[in-house]
2 protein chains.
Amino acid sequence: MEKRKKRRRNVTAAAASGAPATRRRPAAVSIRDVAERARVSIATVSRAVNGIATVNPELARRVWQAIEEVGYLPNTQARALVSGRSRMLGLIVSEITNPFFPELVQEFENLAVAQGYEVLIGSTSYETLRTESLIRRMLQRNVDGVAVMTFGIEEDLIQKLVEREFPLVFVDAGPDLPNIRVLKVDYAEGIRQGVQHLAALGHRHIAFITGPLRLRSAVARRDAFRKSMAELGLVVPADHLVEGTHTMEGGIVAMEKLSQLDPVPTAVMCSNDVTAIGVLHALYRTTHEVPADISVVGFDDIHLAQFMLPPLTTVQMSCKDLAAAAVEALRAGIEADHPKAARKEWSIPTRLVVRQSSTFPRGSLPALAGTARRGGAKNF
Amino acid sequence: MEKRKKRRRNVTAAAASGAPATRRRPAAVSIRDVAERARVSIATVSRAVNGIATVNPELARRVWQAIEEVGYLPNTQARALVSGRSRMLGLIVSEITNPFFPELVQEFENLAVAQGYEVLIGSTSYETLRTESLIRRMLQRNVDGVAVMTFGIEEDLIQKLVEREFPLVFVDAGPDLPNIRVLKVDYAEGIRQGVQHLAALGHRHIAFITGPLRLRSAVARRDAFRKSMAELGLVVPADHLVEGTHTMEGGIVAMEKLSQLDPVPTAVMCSNDVTAIGVLHALYRTTHEVPADISVVGFDDIHLAQFMLPPLTTVQMSCKDLAAAAVEALRAGIEADHPKAARKEWSIPTRLVVRQSSTFPRGSLPALAGTARRGGAKNF
DNA sequence: ATGAAAGCGCTAACAC
DNA sequence: GTGTTAGCGCTTTCAT
């Protein structure tokens, strides 16, 4: 009785037809090798590997031993092909080089891997073409679900994912459909805390550098700022609202605009920390002291924020929370029996972290002037 | 004649056996749907999609039209299964949150995608367990090759990849085997330029903060520093060589040690930019001025370096070069007919970028003292 | 409880 | 030049 009668395994086309485009590696150990060695059928190996309870313990032992001996690793592609599930999660970010995202990616990856998923990452770089290709790739790789963590995306781009009913997770806002879940960031609270902090220190002329306003989240942050100011009876003149790009370069340009104003605002809030870093840089170039001349407040609390000079006061939006919610929401969409399968919204808290880039406006408290250079608000 | 006679497509197991663990999406469009619609065989569709020249143009047109109409995307898993190639490249980094790596990842991804590959990223976080799981995952996902960009790794960890003859790329050093290629970074040149720059400014007491010395690359950088100093007849006392961790925290701790010395070194070179950022922070906390009191030089030239206060003088090792070489070397290992298939080494240049964190040692040129605060070496 | 066999979507050998 | 078909490695019936 010839086993393997139908297999052409190891008989590469290359052997017959001249130079192959690809150098072939030795064929990996497959389920058949394990089955042969353990003297069971491939079905039994499959059942043992997948922990099906009905397998005879003695056979299971033989299978595991054989697996050990031949160094078998199940081929994920084959599994995916037959099961219809790839156990891959797509993660779409704007730009991996924006320091906020690596932290998110890291957390997301840790959680996903711990739960048996692989992560396919892609960055849009805010380019439509790239985003389209990204989504096509995710479709072709057959990811089980996609987290769109770009804080805003052109909706027709993700149309294909929506059509094919992929479980999707968005930040802030997304279409209201059964497979779509949303992480709602509480911008209002964090930004209110920031504004109140500055107002309490005595600032009245507070400027805000927004993100790119085609992003919903950037609009949401700006609106939260306006609202928080209004609550305190403070008006925001149009020239105190400058559009940035969520990059350091954007922060520099925006701050240069703000320094033309008369009077120059005594405090600047930024739509994200990277912008704030640009602002610090611009102020350094123009020999303004932070926080003595101008207080700066960021948003995100990236790891780097605490190492800035001076360490940056900022509104924290925890990547850990965001990543955990994203993975949980995706699984809720993927696994029909997930405990939170019915949930459509996850809320993400924010809070102010006071460091040394914010203090009293210059001259408001002469007695403390001496502490301004390094003192900041830490004693406040 | 019933087509599709053997297919159980769309008849999910779930329909028969109660609650499924997984919610199934509607079956994706497959090659058969295209074939039916274009009234050709699946083989013809496959040939058309893969651009085989012998296909009748009229049929090809029908195929492409059908593809358009039904929205067909080839299933990558099936392709990988039958072809033995996944068109995925593994990319192993140390920590994605270290700002050097996102830039590398971005470049690598751009290049890989442009050349038709997907990227599977993983970070070791310097943990053996994580690294093992990472490598197992890469094996299971059947990547076509792996770039190990960690600047040093425990060699027994990658043993499994070596055994199975995966094309591999290392930085600096790796086993001399047919499937292994190495990117040689020219530490000597960049670091020599850095040392000569500082020496030319008048520094004699130059300290060096190394990376974690279990990393080959960290050792290589330190040795390059020693050698460059020796070339100038400068001795490096043992206490001028402090081990860091390639993190900001490590830079802070190391700088604190250096400030205990008497006399304190007038210049500090760092094994990477992140360490240098930590150093700037430590000096800020102890009210030392950079560069007036102490000059600081980094290594890597991460994007952030130019935005530091003051902008960081550093040795550039271009991620673009590194990523391009890595992708090219990987393809050379994967594709037998690649023009550079025989090449085993790629060399990566480095060069000094002078910004404002380095200047004359205090007091050495009194006439210039007034420019020290902001002047740095830019006029030099 | 176990094995034989169908078949996931695709490529490539082979026949015409 | 085109169609038919085996089979990539695996899971899951179905029959025993």
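Lettering follows sequence order; numbering is per chain, from 1. Since we're looking at a predicted model, the values are computed, not measured.
- The A/V82 side chain lies nearest to D/dC10 when the options are D/dC8, D/dT2, D/dC10.
- The side chain of B/L59 sits closest to D/dT2 out of D/dT2, D/dG9, C/dC10.
- Nearest to the side chain of A/R47, among D/dC10, C/dG3, C/dT11, sits C/dG3.
- Comparing the end axes of the helix from C/dA1-D/dT16 to C/dC16-D/dG1, each fitted to five base pairs by superposing C1' atoms of four pairs onto the next four, gives an inter-axis angle of 50° (nearest 10 degrees).
- Set against C/dA12, D/dG9, C/dT2, the side chain of A/I31 has D/dG9 as its closest nucleotide.
- Minimum atom distance to the side chain of A/S41 is reached by C/dA4, of the listed D/dT11, C/dA4, C/dG9.
- Taking the charged nitrogens against the carboxylate oxygens, A/E95 and A/R130 have no contact shorter than 4.0 Å, which rules out a salt bridge.
- Distances shown here put a side-chain N or O of A/R79 below 4.0 Å from the OP1 or OP2 atom of D/dT11.
- Rounded to whole Å, the distance from CD1 on A/I42 to P on C/dG3 is 11 Å.
- Comparing atom distances between the B/N56 side chain and each of C/dG7, C/dC10, D/dG1 picks out D/dG1 as nearest.
- Rounding to whole angstrom units, CG of residue B/N142 and P of C/dC10 are separated by 18 Å.
- For A/S30, counting side-chain heavy atoms from C-beta on, the closest listed nucleotide (C/dC10, C/dT2, D/dC10) is D/dC10.
- The CG atom of B/N75 sits 12 Å away from the P atom of C/dC8 (whole-angstrom rounding).
- When each of A/M138, A/R136, A/R137 is tested with A/Q140 by the rule side-chain contact (heavy atoms from CB on, under 4.5 Å), just one qualifies, namely A/R136.
- Taking 4.0 angstrom as the limit, B/S46 places a side-chain polar atom (N or O) nearer than this to OP1 or OP2 of C/dT11.
- Between D/dT2, C/dC10, D/dT13, one nucleotide has an atom nearer to the side chain of B/P74 than all others, and that is C/dC10.
- Distance, A/R87 CZ to D/dT11 C1': 15 Å, rounded to whole Å.
- The residues B/K340 and B/E328 are annotated as salt-bridged, a charged nitrogen and a carboxylate oxygen being separated by less than 4.0 angstrom.
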